[in-house]
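A short write-up of the structure that comes next.
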Amino acid sequence: MQTVTQRALGLLVLRVILIALSMRLAALLFGEAMIMLGALFLLPVNLVTWLVVRRFARAEYAPISFRPGRSWPRELLWALLWLVLFSLAFGAVINVTVFLLTGDLSTGFVEIFAVPEPDLSPGLLLALGLATLVTYGLFNAPVEEALYRGYAQSRLGGARGIWVPSFFFGVQHMFFAPTLPGAIVYGAAFFVWGLLSAWVVARQGRLLPVTLTHLFVNLGSTIPAVVLPALMLAGVPLG
C-alpha cells in the first residue's frame, strides 16, 4: 500500500514526465520557434494533475483548500507583496545565472533566449493567445499550487516538504526553455521561486496568497499574447 510520501513523490515525478512529453509534442508540431505555445498542451496535464491531487487528498480526508485568511483584500495585499519580493529574487537569479553561463549580460540573454519569430497571421496568433490565456493563464496557477505547495509540501513535511517540491518545480520549467542554457536558467530561477513560495505557505499556513501571486504572473505572461495580435489586427504600428 502506498504511503502519502510515496504518493506525493509519485505525483511530482508524473507531472514532470507529462510536461516533458507535452513540450516535446509542441516542439514537433510547431517547431522550436513555437515552444511557448506548448502552454496550450498543459491543459490535459493540468486536468490530470488536478483530478489525481483532488482524489488523493479526499481519500486522505485532507482536501486542498484555497480559503482566504481574514479577508480577500488582505490576501490580495499579501499576494502583491510576494509578487514584488519573489520577482526581485527571481530576476536576480536569472541575471546571475545568465552571467555565469555567458559572461556578458548584454549578449547573454539574446544567445540563450532568442527564438525565431513565428510566421503566423495576426488572427491566428490572437486565437492562440486567447486559448493560452484561458487554458494556461487562469487554470495553471491553482493546479500547480495545489500539487507543489498544497499536497506535496504537506505530505512530505518539514524541510523535505520545502526543498523537494521546489526542486521538481524548477525541473518542470526547464522544459519550457528554447535552449539548454535557457533550461539551466529556468531551473535555477523557478527553484528559488518554489522555495520562496513554500516558505510563505509554511509560515502563513494557507495557499491563497501565493496562488494569487502565481496567477498574476501567469496572466502577465499570457495577456501580451492577446493584446499584441489584437493591436496588429487593428493596424497599430508596433515598432
Which value, rounded to the nearest 0.5 Å, describes the distance between I17 atom CD1 and L21 atom CG?
7.5 Å
Pairwise distance CD(E145) to CZ(F66) - rounded to 0.5 angstrom:
7.5 Å
Distance in Å, L76 CG paired with R74 CZ, rounded so as to fall on 0.5 Å steps
12.5 Å
Can you confirm whether H214 sits close enough to N140 that some side-chain heavy atom of one is under 4.5 Å from a side-chain heavy atom of the other?
yes
Can you confirm whether Y136 sits close enough to L43 that some side-chain heavy atom of one is under 4.5 Å from a side-chain heavy atom of the other?
no
Can T179 and F113 be said to form a side chain to side chain contact (heavy atoms under 4.5 Å, CB included), step by step?
CA-CA 7 Å; T179 63; F113 296 111; 5.7 Å; no
Using side-chain heavy atoms (C-beta onward) and a distance below 4.5 Å, is F86 in contact with V217?
no
Can you tell if the side chain of W193 reaches within under 4.5 Å of the side chain of T213, non-hydrogen atoms only?
yes
Minimum-distance pair of heavy atoms, taken over all atoms of P209 and A79
O-CB, 3.4 Å
Verdict with reasoning, V143 to R15, per side chain to side chain contact (heavy atoms under 4.5 Å, CB included)
CA-CA 11 Å; V143 172; R15 181 166 177 88; 4.1 Å; yes
Report yes if the side chains of N95 and F99 come closer than 4.5 Å at any heavy-atom pair, otherwise no.
no
Can V192 be reached from V84 by stepping across I, L, V, M, F, W or Y side chains whose heavy atoms are under 4.5 Å apart?
no
Would a distance-only check, ignoring hydrogens and angles, find a side-chain to backbone donor-acceptor pair under 3.5 Å from S166 to G194?
yes
Please determine whether the number of non-hydrogen atoms from other residues, nucleotides or ligands lying under 6.0 Å from atom CZ of F109 exceeds 12.
yes
Do the side chain of Q153 and the main chain of A198 share a donor and acceptor less than 3.5 angstrom apart?
yes
Assigning hydrophobic clusters by single linkage (Ile, Leu, Val, Met, Phe, Trp, Tyr; side-chain heavy-atom cutoff under 4.5 Å), is L100 placed with L105?
no
Do V201 and L77 belong to the same hydrophobic cluster, where Ile, Leu, Val, Met, Phe, Trp and Tyr are linked whenever their side-chain heavy atoms lie under 4.5 Å apart, directly or via other members?
no
Heavy atoms, side chains only, cut-off 4.5 Å: are S22 and F175 in contact?
no
Would you say the side chain of F190 lies within less than 4.5 Å of the side chain of Q172, judging by non-hydrogen atoms?
no
About how many Å separate OG of S197 and CZ of F169, when rounded to the nearest 0.5 Å?
6.5 Å
Side chains of I184 and L101 in contact at under 4.5 Å (non-hydrogen atoms)
yes
Looking only at side-chain N and O atoms, does S106 offer a donor or acceptor that is under 3.5 Å from a partner on D104?
yes
Starting from L208, can I reach W199 by hopping between I/L/V/M/F/W/Y residues whose side chains sit under 4.5 Å apart?
yes
Pair V210-Y148, side chain to side chain contact (heavy atoms under 4.5 Å, CB included): steps then yes or no
CA-CA 11 Å; V210 296; Y148 288 104; over 6 Å; no
Can you hop from W78 to W72 via hydrophobic side chains spaced under 4.5 Å?
yes
Starting from the C-alpha separation in whole Å, work towards a yes-or-no answer on side chain to side chain contact (heavy atoms under 4.5 Å, CB included) for N218 and T222.
CA-CA 6 Å; N218 285 354; T222 53; 5.5 Å; no
Distance from I112 atom CD1 to T107 atom OG1, nearest 0.5 Å?
9.0 Å
Donor-acceptor pair, side chain of T211 and main chain of P142, under 3.5 angstrom
no
Return the CG to CG distance between L80 and L212, rounded to the nearest 0.5 Å.
8.5 Å
Would you kindly check if the NZ (Lys) or CZ (Arg) of R7 is within the cone defined by 45 degrees around the ring axis of Y151 and under 6.0 Å from the six-membered ring centre?
no
